[in-house]
> 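Quick one: this structure, given as structure tokens, is what I'll be asking you about.
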Amino acid sequence: MTNDNTTRSKANAVFFAAVMVVSMVAAGFAVAPAAAVTDSDLTVNNFSPQEVDEETTRTHNLDVTIQNISNASGHTYEVVLPAGDFNSTAVESVNSVTNGTGTNVSSALGSPNPSGDTLTVPVDTSSVNASELTIDVDVNVDFPNVNSDTSAPLTVNFNDADSSSGTVDTPDVTILDTDNSGVNPSYTPESNLYYSGQEIVVDGLSSGTDYQLREVDSRTDEGNISTSSPVEQFTTNGTGAYTINTGDLETGDYFLRGPGISDAEEEDTIFEVSTQSLSIDWEEDSVEEGEEINLEVDSNRGTYDLNVSASGLDDTEIETIFEDSVSDIDLEDEDEEVATLVGISDGDFAANFTDIDAGEYDFEFEVPDTEAQDTATLNVTEAEDGEGDIADSVIEQQGDVAAITVELDNTDTGTLVIGNEEDDGYQANITVEDDEDDEVVVLFNTYAAGTLADGTDADTIVYTEDEDANVQLDNETDLTDILDTGTYDVSVGPYTGDDRFENTIDDPDSISSLTIEERGDSELALWRTSESVESDITEELDDENESATVSLINEAVEGDLVTQTSSLAIDEDGDRSDVLVHQYTAPGLEGPLASASGENLGSAESTAALYELLQQNNSVYTGENAADGEQDQLELVMELDNPGPNEPTTSIDVNELANDEIGSASAFSDVFTVVYDDQTDTYYIVTNIDELNNVVDEDRQIEDEDQYEVQINVQDARLLDLLEEADADDFEEEFVETSASFTAEAAEGEFDNEDSIQVTNAENQSITGTTNVAPGTELDVRVRSDDDASTSFIQNDEDIVVTPEGTWTATFDFSEAAVGDNFTAEVRQAAFTAESDGQVVEQVEEPAVFEVSDLSPAEATATAGDSVDVSATIENTGGREATQDVALTLDGDELDTTEVTLAPGDTTTVEFTADTSGLEAGDYTHGIATDDDEATGTLTIEAADGSDGSDGSDGSDGSDGSDGSDGSDGSDGSDGSDGSGETDDGTPGFGALVALVALIAAALLATRRNE
């Protein structure tokens, strides 16, 4: 170990001598012509002695010559220490300071100026002849104690006034560590735990010195050495090293004692000797030729080498057995029967006995640097004949991908034949390879079958996702149309060679069947969810786990976070609109998607596959059929159902987006995310409405009150087996069409008890609200104290989740607020804006609740056209005054309203009068309703006399009341216009009001469209 401070002190001592020399110089220099000083112009003539003992004072001679000094003033002569600072040192004598001719020129030197680690001496040669200067001095140096032999040079610099300079180092002065205080023992290999038999090289000791190896007998309670016993005395070599053989040591703790090792340092030399355990077994007692078996290795040592030998095997054969499981195998041992497995640790090592003859082998295992060893016997038996097997029959719908499970026993290679060309008109010959001799799931694309000759990639028709297996479609029957429905033999065999497929059909090891059924019905349903759920879906797919993503969606459906809907809440800012989910069940579409993706079968990412399929049309099938390039193989369109007056119907054609406006699969995935459930043939097409609006023209963006019909139509001529259909009408009649509708509505939300929120000055105060956005949507609520509040506060409750009922609850701590403090509550990070005033109160009043009772009449009978008086009692059973609209309803439709304001506990009676003109005979549910309650009853309408009837415009007797014989009075039909208005006293009519509400709604919609 080197002590930096001591080294620096020793170097300082050397430099101190140089400083004193310069300080004592009194000679002058002769004038010299201008020159350029370089490193080669500085010479150390003498520096001695160069070896000294520590903690001594020695006299050194330092003699330095500098040449090519210019004739000028302003030179500097510097002496630099490698470490430390200059301090006083005695100068023994100044022997001489001369120029090149030997003349004394000590007058050229100025006074020395020490600063830190640098001594600067000014030099003036302008008045002396001193182009060459030699300084010869003797100095006394006090050398410090060091922990090891230490060497360092003195550095001398000369900086000429002409800006040239030179540098030279003196020879090293070596300070000897005479008291061995620098002993720093270390062990190789570096460790504090060794195993019996290992050799330990200890170095860093004093050379040629006696030391003791001692064993720890006992320790103090603190763990320090208490007593010990000598084990061995040894003498180090010339470099201070010695080799300890642990094979001669008992298990226990050992340490070193000797010169340079203090009592405290003895603890640092402790090492432990233990016995390495080694247990090695074969996984089984025997293995077949050509098969693998695991070698189980267990030891108490971390990493080590292992020599392996076996009777009847040489080192190269042992290498081939373990080369797949051990990365480093050494064959350099002189014994050609031993292979060394380098750097192994506990675990199972696969041993491959390909090309190893049958027989019994006794394996010997030895750790080369310890005494650990073990043996294990293995019987290698002759390999049995290979065999192929196939699982149960497979049933799949036409166009989908069938999964056929094959198992190979006692062979890595087998054959799989689907169909029989002679019997079925189709045959696929497949080679199966399985390194693990296990089950292999072979994927077979029933849509692409028969297209290999057309240039289809074989991996798009047949593939396996098993990492340890490989399947290859060697050849198949060329088909013009899609593979027919029906049952096909599936044969498996272990055969190789040119006739392997014929042999598999003639003599299969196992035979099963693949049944291709007609496709089931396609269905489309629309759901909505939140962007947070969409994000979860995307993240799960990024982990390449589609089945887990299906489970996530199903769980979200069960938790009402994905809900079936006919409406979507739209964020006018285009940031947080609801997410639309198309649940599209489409048997037979798996194959076309896989083919369109261009990826290996089973490897296609569903979103990218849909992007590619939407860009393909039937132009590839034109010929002897009615297919044309205008027919997309899969059509996805959102068509606007309610354009404004004089506006054309617009649509969002997703096929066009994929072809033109969205330039890549990555950009497509920003809008659409597709998840495929192969158990139900269902595709979840998750659509981000905000991203969709960003990529379409402004006049096609989905907005408030828009009504859309979503159409997903399968039009693939191959999938629908239309490649021989020449009639255009019949061709298109076979398209599989599905549709569903939704209405866009502006995202809205409000606080409950808006403008009158009350909380107490306590923790866990709830502020609630309602909204029409999708369940699972997250939003934030902030409360901020008003300027006049006695306490100032701002609080946020973040990531509040909207419930399936459309409600949300924010929780705050108002314990630091004062009663009477006013505040403002605001919804943030949401698709809507909502704000409300609030106040901190002593006790929160219950909200107003308007209950309805005493409906009169509860049961009534009237003749069509009569007036009916309806009344009810309204009571505010809540704790606050409020105003609500109270409505008269008929079969749930609101016909008339009146505004009612009630203080807590107050009641009032509301009355409505309406005639029944326009109502047909029958029973109706009438009622009076508030925001909180409703009372209903039954109103029975009887037909009036036929002469008054329903006054139908054509007077036909079929529409006149119950007295059909009076139908000839059709001339009275002109009075029908009176029935659609009001009675003489303005009383609203039940039937008339229903029609009036519809007319008003249509008028408002038309107005919006014109705007």
Side-chain angles (χ1 to χ4, degrees), residues 750 753-754 770 847-878 880-945 948-952 961-962 975-1005:
E750 63 182 5
N753 304 314
E754 189 169 7
T770 58
V849 178
F850 281 24
E851 293 187 356
V852 184
S853 63
D854 301 331
L855 176 68
S856 178
E859 305 289 337
T861 301
T863 302
D866 289 349
S867 294
V868 178
D869 293 329
V870 182
S871 65
T873 299
I874 311 298
E875 181 182 3
N876 182 358
T877 61
R880 305 185 197 179
E881 180 178 294
T883 299
Q884 290 189 17
D885 286 336
V886 179
L888 171 66
T889 64
L890 181 69
D891 282 351
D893 294 326
E894 186 177 292
L895 302 181
D896 195 7
T897 62
T898 183
E899 187 177 272
V900 173
T901 300
L902 291 174
D906 285 356
T907 62
T908 188
T909 299
V910 294
E911 297 181 350
F912 296 95
T913 301
D915 74 38
T916 58
S917 299
L919 292 182
E920 296 181 358
D923 290 337
Y924 296 85
T925 299
H926 70 290
I928 292 181
T930 67
D931 293 344
D932 310 305
D933 194 16
E934 181 180 18
T936 61
T938 302
L939 176 62
T940 302
I941 300 298
E942 296 179 344
D945 183 83
D948 297 327
S950 60
D951 291 338
S962 60
D975 295 335
S977 59
D978 295 336
S980 62
E982 296 184 346
T983 59
D984 292 342
D985 57 1
T987 302
F990 281 113
L993 282 175
V994 173
L996 180 60
V997 169
L999 287 172
I1000 292 173
L1004 289 175
L1005 179 59

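Computed from a predicted structure; not experimentally measured.
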> Would His926 and Leu895 satisfy side-chain contact (heavy atoms from CB on, under 4.5 Å), going step by step from the backbone distance to the final call?
CA-CA 10 Å; His926 70 290; Leu895 302 181; over 6 Å; no
> Can you check whether Thr897's main-chain N or O pairs, donor with acceptor, with Asp885's side chain at less than 3.5 Å?
no
> Below 4.5 Å, heavy atoms only, C-beta onward: do Glu934 and Val852 meet side chain to side chain?
no
> Given the rule in the side-chain contact (heavy atoms from CB on, under 4.5 Å) test, do Ile874 and Thr908 qualify, once you have shown the distances and angles that lead to the verdict?
CA-CA 5 Å; Ile874 311 298; Thr908 188; 4.1 Å; yes
> If every non-hydrogen atom of Thr913 is compared with every non-hydrogen atom of Asp869, which pair is closest and at what distance?
OG1-OD1, 2.6 Å
> Donor-acceptor pair, Thr916 side chain versus Asp866 backbone, under 3.5 Å?
yes
> Using side-chain contact (heavy atoms from CB on, under 4.5 Å) as the criterion, list what pairs up with Ala864, not counting sequence neighbours.
Ile941
> Would you confirm whether Asp854, through its side chain, and Ala872, through its main-chain N or O, come within 3.5 Å as a donor-acceptor pair?
no
> Who passes side-chain hydrogen bond (donor to acceptor under 3.5 Å, both in side chains) against Thr901, sequence neighbours left out?
Thr883
> Would you name the heavy atoms of Phe850 and Asp933 that are closest together and state the gap between them?
O-CB, 3.5 Å
> Which residues satisfy the side-chain hydrogen bond (donor to acceptor under 3.5 Å, both in side chains) test with Thr877, sequence neighbours excluded?
Glu851
> Going by the rule side-chain contact (heavy atoms from CB on, under 4.5 Å), which residues pair with Glu911 if we only count those two or more places apart in sequence or in a different chain?
Ser871, Thr909
> Ala860: which residues meet the side-chain contact (heavy atoms from CB on, under 4.5 Å) condition with it, sequence neighbours left out?
Pro857, Leu939
> Please list, chain by chain and in numerical order, all residues satisfying side-chain hydrogen bond (donor to acceptor under 3.5 Å, both in side chains) with Thr861, sequence neighbours excluded.
none
> Rounded to the nearest 0.5 Å, how far does CG of Leu890 lie from CG of Asp896?
12.5 Å
> State, to 0.1 Å, how close Ala943 and Ala921 come at their nearest heavy-atom pair, and which atoms those are.
N-CB, 3.9 Å
> Hey, could you give me the CD/OG1 distance between Glu875 and Thr930, rounded to the nearest 0.5 Å?
11.5 Å
> For Asp891, check side-chain contact (heavy atoms from CB on, under 4.5 Å) against everything at least two apart and list the hits.
Tyr924, Thr925
> For Gln884, enumerate each residue passing the side-chain hydrogen bond (donor to acceptor under 3.5 Å, both in side chains) test, keeping only those at least two apart in sequence or located in another chain.
Asp932
